[in-house]
Every structure is written in structure tokens, then in C-alpha cells.
Amino acid sequence: MLIVTTEQVPGRQYEALGLVQGSAILCKNVGRDITQSFRQLVGGELPAYTEMMDRARDMALQRMLAQAQGMGADAVVSMRYATSAIAQGAAEMVAYGTAVRWTE
């Protein structure tokens, strides 16, 4: 399935089927939270959180795609990600866009 962040797909005509979205809420375990807290004191990347957000992004994307496939979509246009903190060490990742079907 084609996924684009643009509103138009060059050379293609389509009908909009509707909004599709997928979300995932993940958190790190307490032990990794403690080691990441120490890293915050000295600066630098927090690899455990980077890994957590990568997993959440992949899960949200797959859930959005499953919803689009269930609608009979050929593509998702105007796809976006959004994130928010839910609690200390936990975050929600949302993938959303418009499911479309080719008309040509």
C-alpha cells in the first residue's frame, strides 16, 4: 500500500474513503528508566527511549494500515505522526491519514 505525506499523488486520481488512524502507548521498565535518568544528567541521546518510540511508531503505522486495508484502500495520503506524553516514561504515538481508492 502506498503511503504519502502529500495530499496529491502525481498522475493518480482517487476517492477519499475516510480517516484512518492507529495508536500505540508504550513505556519503559523501571530499571531502564533509572539508567536513562542518569544519562539525562550528563546529556546525550537516550537510546532506550529512542527504541521505545521506534517501536511505538511502527505499531501505530501497522495499525493504521490495517484499518485502511479493511476499508479497501489503495493508499493513505496526508499521513502524519503525532505523539504525546501519557505519564513519566510512557508515550503515545498516533499515525493518521486519509484512506483513498484509485478511481482510474
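For reference, positions follow the sequence shown, starting with 1.
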Spacing of [X] atom [atom1] and [Y] atom [atom2] [to the nearest 0.5 Å]:
X	Y	atom1	atom2	result
Met64	Ser23	CE	OG	12.0 Å
Asp74	Met1	CG	CE	7.0 Å
Met79	Leu61	CE	CG	5.0 Å
Met93	Met52	CE	CE	8.5 Å
Leu17	Leu19	CG	CG	11.5 Å

[X] side chain near [Y] side chain, heavy-atom distance below 4.5 Å:
X	Y	result
Thr6	Val77	no
Gln13	Trp102	no
Leu26	Arg55	yes
Val94	Glu92	yes
Thr98	Tyr14	no
Thr5	Arg80	yes

* To do: Run the numbers on Glu15 and Val100 for side-chain contact (heavy atoms from CB on, under 4.5 Å), then give the verdict.
  => CA-CA 6 Å; Glu15 65 174 308; Val100 301; over 6 Å; no
* Asked: Can Val76 and Leu2 be said to form a side-chain contact (heavy atoms from CB on, under 4.5 Å), step by step?
  -> CA-CA 6 Å; Val76 175; Leu2 180 66; over 6 Å; no
* **Heavy-atom donor-acceptor pair, Arg101 side chain to Ala16 backbone, under 3.5 Å** =>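 Between the backbone of Ala16 and the side chain of Arg101 there is no qualifying donor-acceptor contact (under 3.5 Å).
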* Provide the closest heavy-atom pair for Ala56 versus Ala24 in the form atom of the first, atom of the second, distance. =>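 Nearest pair, atom of Ala56 first, then Ala24: O-CB, 3.8 Å.
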* Side-chain heavy atoms under 4.5 angstrom apart, residues restricted to Ile, Leu, Val, Met, Phe, Trp, Tyr: same cluster for Met59 and Leu65? ->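 Yes.
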* Show the numbers, then the answer: is there a salt bridge (Lys or Arg N to Asp or Glu O under 4.0 Å) between Asp54 and Arg57? => CA-CA 5 Å; Asp54 286 345; Arg57 189 172 31 256; 2.3 Å; yes
